[in-house]
Amino acid sequence: MKLQKATLFGLYSVLELTRDPSRQLSATDIAERYGISANHLAKVLRDLGRAGLVEAARGASGGYRFVGNARRITLLDVVRVFEDFGDDVAAREPGADTDIGGALDLVLSEIDDIARATLGSVTLSTLLKTMQWRDERSQRLKAKETA
Amino acid sequence: MAWVILSSMNETAASYRIRPVQAADLADVIALDAEMTGAEKGDFWRDVLASLASRADRHFLVAEDPKGGPIRGYIVGEVRAYEFGSEPCGWVIAIGVDPRFRVRRTGERLFDAICDCLRADGVATVRTMVAREDRLDMAFFRAQGMMAGPFIELEKPLD
């Protein structure tokens with residue numbers, strides 16, 4: 001599946017800031033880390049601020065920090081700041097009322113349902129934990145190979 | 001299986017103990033499951049308990065407060081082999097934690113304990129199945145590190 005650029009940048013930002021909620025990062029800091037446009041990211045961060053997920057700090061050391069509950073906020077919550085994810089888009093397409101359009105819509109809805117359930121069940125905290133488990137597991141496997 | 005004393009640093013969770021089910025626990029398990037699902041399934045639970053005698057690769061654990069009171073949670077896991085073309089694999093087929101005693105890592109401790117049992121049985125993977133709309137359980141299993149596996153469940157109405 002392909003997310004819109006703003007959505008992906010939003011996920012990068014929120015997850016990067018969630019790693020250490022006490023840390024403040026500017027749009028430029030995050031943009032450099034992910035190799036993306038700082039201008040585009042600044043707009044994304046403003047949207048995340050309006051959604052109450054990040055907060056901008058003023059002053060010389062200003063930047064953004066995460067202000068949500070990482071154990072409650074899911075990837076879907078972040079995605080929905082930027083796009084209407086799989087919300088019956090197919091039903092509004094021309095041809096959706098035909099027999100083939102209806103059958104096709106069933107299959108596409110199935111994919112959307114699975115994607116929504118997946119993104120809606122992964123909290124920011126779970127994603128960061130999963131990253132850590134994967135690292136630890138790959139180190140364990142590497143150690144086994146070399147032993 | 002020996003009793004496992006919960007080692008959590010969490011004050012409340014540390015007071016709970018995970019152990020294999022006993023016949024006397026069944027009424028608590030049935031009541032807890034009925035409270036959570038809205039359906040009493042006494043026959044199912046009695047069958048699960050009875051099957052333990054003949055199936056060494058099925059495990060039924062409960063979490064209890066050593067100070068007493070009803071069971072706070074339960075989990076059932078087993079090894080299934082070659083169904084749907086799958087290599088032997090562990091399955092969590094039921095889990096429940098008393099809603100009044102959640103967010104104390106009881107579910108996590110039960111899950112870890114059942115994984116230890118399944119690992120000891122020689123399997124390297126554990127699976128489960130969760131309803132797509134069941135956000136609570138889906139998020140719980142995700143938080144334990146579970147991800148979508150290589151199989152997709154398919155169904156068709158027969159009426």
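Just so it is clear, the values below take in all heavy atoms, side chains as well, and ignore hydrogens, waters and symmetry mates. Every chain is numbered from 1 and lettered A, B, ... according to where its sequence line falls, protein lines coming before strand lines. Just so you know, these numbers come straight off a predicted model, no measurement behind them.
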Could you tell me whether the side chain of B:Met138 reaches within less than 4.5 Å of the side chain of A:Thr118, counting heavy atoms only?
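No; the side chains remain at least 4.5 Å from each other.
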Take atom [atom1] in [X]; do more than 12 heavy atoms of anything else shown fall under 6.0 Å from it?
X: A:Arg137; atom1: CZ; result: no
X: A:Ile100; atom1: CD1; result: no
X: B:Glu40; atom1: CD; result: no
X: A:Asn39; atom1: CG; result: no
X: A:Arg23; atom1: CZ; result: yes
X: B:Arg55; atom1: CZ; result: yes
X: B:Met129; atom1: CE; result: no

Between [X] and chain B, with a heavy-atom cut-off of 4.5 Å, which part of the residue counts as in contact: side chain, backbone, both or neither?
X: A:Thr123; result: neither
X: A:Leu127; result: neither
X: A:Leu76; result: side chain

Does the A:Lys129 side chain pair with the main chain of B:Ala143, one donor and one acceptor, at a distance under 3.5 Å?
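Judged by distance alone, yes, a pair lies under 3.5 Å.
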Shortest non-hydrogen contact between A:Glu110 and B:Arg132, atoms and distance
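Here A:Glu110 and B:Arg132 meet closest at O-NH1, 4.4 Å.
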Calculate, to the nearest 0.5 Å, the distance between atoms OG and CG belonging to A:Ser121 and B:Asp137 respectively.
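One finds 11.0 Å between OG of A:Ser121 and CG of B:Asp137.
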Heavy-atom contact with chain A under 4.5 Å, split by part of B:Gln144
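The backbone, not the side chain.
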Can you see whether A:Thr126 engages B:Arg142 through a side-chain donor-acceptor pair at a distance of less than 3.5 angstrom?
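Absent: no donor and acceptor within the cut-off.
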